[in-house]
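The structure under discussion appears below in the form of structure tokens.
What's counted below: heavy atoms across the whole structure, side chains too, no hydrogens, waters or symmetry copies. This structure is a prediction, so every number in the text was calculated from the model and none was measured. Sequential numbering from 1 along the given sequence is applied to the chain's residues.
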Amino acid sequence: MTDVRIVVDADSGVPPWRQIYYQIERMIVGGVLAPGTRLPSIRQLARDFGLAAGTVARVYQELEAMTLVATSRSQGTVVAEPASRPDRDLLLRTEAARFAAFAKDLGAGVDAALDAVRDAYSG
């Protein structure tokens, strides 16, 4: 199993499960985690971050729904082969849609949302 380094910031305002999801997703899409790499068990991640096992199970379920990982009893959760992964454009559009919905919920206009993206991108 590769040493998967994940950091959860309790003060970020982003739910811990979402932070874990984003970090693993980026490591897979960015090629840091190769296909076949075994991820830590649900119990291990839950223990590491003081979270409920169900919270970490949600992360793995979401990753599996995006075909980024596959889970089996014999191997645990492993990074899926590239052919089964969504392309980067699809992931970008999906995350853009999530961010746009979040910005709308906050009452932010398009210009404010775009400024936030530009700031985040350059920072």
Side-chain angles (χ1 to χ4, degrees):
M1 179 168 36
T2 298
D3 187 23
V4 178
R5 297 202 185 269
I6 299 168
V7 176
V8 173
D9 179 1
D11 297 325
S12 75
V14 177
W17 78 268
R18 181 59 70 186
Q19 292 180 52
I20 295 168
Y21 173 86
Y22 285 148
Q23 290 174 61
I24 294 173
E25 177 188 51
R26 281 187 213 116
M27 285 187 271
I28 293 170
V29 173
V32 174
L33 295 176
T37 300
R38 188 168 172 217
L39 298 180
S41 71
I42 289 171
R43 286 186 202 153
Q44 181 62 50
L45 273 182
R47 211 175 12 250
D48 289 350
F49 295 109
L51 300 171
T55 299
V56 177
R58 180 177 182 185
V59 171
Y60 283 11
Q61 288 168 351
E62 295 279 334
L63 290 166
E64 198 159 8
M66 292 299 290
T67 66
L68 294 170
V69 302
T71 303
S72 70
R73 284 185 178 258
S74 61
Q75 291 185 330
T77 301
V78 297
V79 175
E81 292 296 324
S84 65
R85 287 192 218 147
D87 64 33
R88 289 181 187 204
D89 289 339
L90 175 60
L91 289 171
L92 184 59
R93 287 191 304 276
T94 300
E95 290 306 316
R98 287 180 188 159
F99 176 72
F102 180 70
K104 286 178 187 177
D105 289 347
L106 290 175
V110 172
D111 291 335
L114 290 174
D115 286 345
V117 169
R118 284 186 192 99
D119 290 346
Y121 201 83
S122 62

Does Val8 belong to the same Ile/Leu/Val/Met/Phe/Trp/Tyr cluster as Tyr22, with side-chain heavy atoms less than 4.5 Å apart forming each link? yes
Are side-chain heavy atoms of Ile6 and Ile24 found at a separation under 4.5 Å? yes
Below 4.5 Å, heavy atoms only, C-beta onward: do Val69 and Leu39 meet side chain to side chain? yes
Enumerate the residue pairs fulfilling side-chain hydrogen bond (donor to acceptor under 3.5 Å, both in side chains) with a member in residues 96-110, sequence neighbours excluded, ordered by first and then second residue. Glu95-Arg98
If you count every heavy atom of other residues, nucleotides or ligands that lies below 6.0 Å from Phe102 atom CZ, does the total exceed 12? no
Sort and list the pairs that fulfil salt bridge (Lys or Arg N to Asp or Glu O under 4.0 Å) and have at least one residue in residues 107-123, not counting sequence neighbours. Asp115-Arg118
Working note: Leu68 + Val79, criterion side-chain contact (heavy atoms from CB on, under 4.5 Å); need CA distance, chi angles, decisive distance, verdict. CA-CA 6 Å; Leu68 294 170; Val79 175; over 6 Å; no
For the CZ atom of Arg18 and the OG atom of Ser12, what is their distance to the nearest 0.5 Å? 12.0 Å
Short side-chain to backbone donor-acceptor contact, Gln19 and Val14, under 3.5 Å: yes
Return a table of donor-acceptor pairs under 3.5 angstrom between the side chains of residues 51-66 and protein atoms on other chains or two or more places apart.
from	atom 1	to	atom 2	distance (Å)
Tyr60	OH	Pro40	O	2.4
Glu64	OE1	Thr71	OG1	3.4
Glu64	OE2	Thr71	N	3.4

CH2-CG distance between Trp17 and Leu45, expressed to the nearest 0.5 angstrom: 14.5 Å
Close side-chain approach of Val7 to Gln23, heavy-atom, < 4.5 Å: yes
